[in-house]
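Chain letters run A, B, ... following the sequence lines, proteins first, then strands; residues in each count from 1.
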Amino acid sequence: MAFFEMTDQTGAVRPCYAEVRRWVEEVGIEGLNARLKEAETIFRRIGITFAVYGEGGDPERLIPFDLLPRIFSAAEWRVLDRGIRQRARALNAFLYDVYHRGEIIRAGIVPGELVYRNKAFLPEMIGFDPPGRVYSHIVGIDIIRTGEGGFQVLEDNCRTPSGVSYMLENREIMQRMFPELFGASRVAPVDSYPNDLLATLKEVAPAGAGSDPTVVVLTPGAFNSAYYEHSFLADLMGVELVEPMDLYVDGDKVWMKTTHGPKRVDVIYRRIDDDYIDPLAFRPDSMLGVPGLFGAYRAGGVTLCSAPGAGIADDKAIYLFVPEMIRFYLSEKPILENVPTWRCALPDECAYVLDHLGELVAKEVHGSGGYGMLIGPKATRAEIDAYAARIRADPADFIAQPTLDLSTVPVLGHHDIVGRHVDFRPYCLVGKQMRLAPGGLTRVALTEGSLVVNSSQGGGVKDTWVLDE
Amino acid sequence: MLSRTAENIFWMARYIERAESTARLIQMGQRMAILPGPIHREEWRSVLRVTGCDGLIEGDRPVAEADIVHLLLLDEGNPSSIRACMLRARANGRAVRTALTQDMWEALNEDWRKLEHYDVASARRNLPELLDWVKTRASTFRGAAETGQIRNAGHDFLRIGGALERAEMTLRLLDVKYYVLLPETSVVGGARDHYQWTSVLHALSAARAYHHVYGGGDYTPWRIADLLILNAQFPRSLSFCFGQIAWHLDRLAQAHGRRTAAQATAAGLLSELRDRESGEIFEEGLHEFVQNALAITNRLSREIAQAYHFA
């Protein structure tokens, strides 16, 4: 039985959920379901959607929203807050190291081939010092819980973690619809996030940028699935949302085309992958990129956030070593542990994985978004055999983890409160300072028993509360 | 402001205005088509002609209301259709969401896939409701801009786009009359002529204004032309729209610190309109006047794009 976050072992409601429990009883399931429809109408009207073009049906879908908040007590959050910051520091230290002296590899802790032969490693970044030595400015860490008190990290996201707009919008809509609920609880506010993000981005401007650097958000465009988030963040920061065609490079500087003529850009929060940012430096077939952008970055004319090549730190093969990184760079004990993971690259571990595939969750090292994975207990014999063949063909491309007993949170069902599996993604901002909003994105698997919470796979979202003392 | 943002706002405003104008055109066509008359009926074809969609239906076949509903209301493939205009307005708005207020975006976003659910038959059954819906969306959008948008360059581009498109549609509506009349010159001044002229007024919601300006009385073509072309107080007249365009172009020029060719073009037409009398326009030929003015609106659109780097 998975740990149910609302109650303790005796079945009593845990103190942090007491207020919500009382509210559910007061309004009733039917009442809440009626309010949910209202909330969805608001989401649809203001256009908080997830764009999925080319699959037929509604091209701009709503992510299902659940009314019942996921709640962390102040004590729980203290642990998470420290653990997340610690991890973000270690990941950035690792990035600096692998693009410079490679101490952790020389020390024999991380195997060199995992880094240097990795597709996410960019040799072009070797020896380059990004402003403030920050590579990953927005670190999204996916966290799960398997029992009372036990948080574990499932995955790190060091490139362009998405979903923070839902943290803000979910809160907004809950406050708009249920002000009385907030009056009775002590929910820490998250609305400083856009200001914190802007401050972070300005802190890492290139040396010559002046006292008020020009920051932009770079989006691939309106057809990108996270376009809503890109425009939302640009809006809340009061900066331009640019597409690659709005930018050009001249004399190691980046300029945007405005009605006044060219305007200098200092910091680019880019939501485009490394491969596509600059057809001169990376993929020549990229229609998205800004020619010469990487050259301007290397010359110190502009800051890219996150830094190209930051993806090496959130690769699933490197993930295994994050606790070691914490010990190595920070000389600290990891506050948040990893989920146990087997590396198919190691013959012993691969043999174990192949023998136990039916009990494990196997993943592609470079996969994301819940694609390309095998959930052993839910798979047919044929699916398991086919996946085993793929692992044998290229073992280094796979890892496996136990089928986790993810905790469940209360979700509004048609007739009752039901338990559904969740994960949690907080967003740690790294500039000269480190900033962390008390909250994050809670994703919930809306199908009974399902462990897949990705929005591309039908998962939903809910507001996340961190209670003050 | 990003040039792309300016461009998107300018065209968004044009598409919204165009969708509304096309709705008004269809209403006018309906009004004219119910009039009893000779078998040779050109009303619907004239509507097609002014939208530039004449080529979509073979020359000798009579154009029916069903064709109009398909081509000008529902057909996403026809860039002049209401549906295409509304989708493009929303797409442009979505591309520059940060430049719109929440209310402006909601006006574009609400029910944006509505026309998908109709085929020609069901759309014809609900035609008045659908055309009103288009006009309401446009009004809601303009109202949101009016009361909520900061008066910055974005607002200037929005207003210029809207006024330019509106001026163009008033000119095109006047030209409908030319196309309708052409084959039946013998009835000029007759009841049919009178009815067609009043249809033009109705399409522009101008019938009341006409009575107020001219103290009631008969509809005469030169007075109607006077109202729609020269009257600086009527908000759909060429003169009024160009007054708006010139005003906003001046504001933009000031904010950008340089004069533009577009300003000169707008001011040129304005001063010409001030010196005109409606009688002269008729002597010269209304159709020729309209065609010339349409060419000027086209040039103006190009000059604005060049001046603000979105050409």
Side-chain angles (χ1 to χ4, degrees), chain A residues 41-49 51 53 56-62 165 169 172-173 176 194 214-248 255-263 265 269, chain B residues 1-10 12 76 87-88 90-113 116-117 140 144 150 152-157 160 248-249 251-258 260 262 304-311:
Chain A
T41 308
I42 297 174
F43 275 124
R44 171 71 72 192
R45 205 177 71 224
I46 58 188
I48 307 174
T49 54
Y53 288 89
D58 185 349
E60 290 166 32
R61 289 170 205 165
L62 286 181
S165 56
E169 287 287 25
E172 185 69 28
I173 212 150
R176 196 195 296 199
T214 301
V215 173
V216 299
V217 175
L218 176 61
T219 176
F223 289 93
N224 185 272
S225 66
Y227 177 73
Y228 170 73
E229 174 155 304
H230 306 162
S231 68
F232 179 81
L233 289 176
D235 218 359
L236 289 182
M237 289 194 287
V239 305
E240 292 286 3
L241 176 67
V242 301
E243 296 185 18
M245 62 175 129
D246 299 320
L247 300 180
Y248 67 94
W255 306 86
M256 60 179 160
K257 300 174 197 163
T258 77
T259 57
H260 288 268
K263 177 159 198 261
V265 172
Y269 177 26
Chain B
M1 163 170 287
L2 288 177
S3 295
R4 181 175 53 85
T5 305
E7 179 177 18
N8 274 301
I9 292 176
F10 176 77
M12 173 180 62
E76 200 189 330
L87 290 177
R88 278 152 83 192
R90 180 180 180 277
N92 285 4
R94 192 163 181 267
V96 295
R97 271 202 55 172
T98 51
L100 305 185
T101 68
Q102 187 62 37
D103 286 343
M104 288 165 77
W105 167 248
E106 286 183 15
L108 287 177
N109 195 41
E110 202 179 313
D111 227 4
W112 65 286
R113 303 173 77 204
E116 247 172 59
H117 310 301
T140 308
I150 285 194
N152 59 9
H155 187 75
D156 292 322
F157 284 111
I160 292 169
H248 284 285
L249 281 175
R251 266 176 52 95
L252 277 179
Q254 201 160 26
H256 286 77
R258 59 191 146 79
T260 64
I304 293 167
Q306 274 158 12
Y308 297 104
H309 310 287
F310 55 85

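- Both the backbone and the side chain of B:H256 come within less than 4.5 Å of a heavy atom of chain A.
- Considering all non-hydrogen atoms of both residues, B:T5 and A:E240 come closest at OG1-OE1, 4.5 Å.
- Taking both residues in full, the closest heavy atoms of A:T259 and B:S3 are given as N-OG, 3.5 Å, listed atom of the first, atom of the second, then distance.
- Atom OG1 of residue B:T98 and atom NE2 of residue A:H230 lie 13.0 Å apart, to the nearest 0.5 angstrom.
- Taking each heavy atom of B:R4 and A:L241 in turn, the nearest pair found is NH2-O, 3.2 Å.
- Proximity to chain A (any heavy atom under 4.5 Å) is shown, for B:A91, by neither the backbone nor the side chain.
- The nearest pair of heavy atoms linking B:A255 to A:H260 is O-CE1, 3.2 Å.
- Heavy-atom distances place both the backbone and the side chain of B:E106 under 4.5 Å from chain A.
- Within the 4.5 angstrom heavy-atom criterion, only side-chain atoms of B:F157, from C-beta onward, approach chain A.
- Atom CD of B:E116 is surrounded by more than 12 heavy atoms from other residues, nucleotides or ligands within 6.0 Å.
- Put simply, the side chain of A:Y228 reaches to within 4.5 Å of the side chain of B:R97, judged on heavy atoms.
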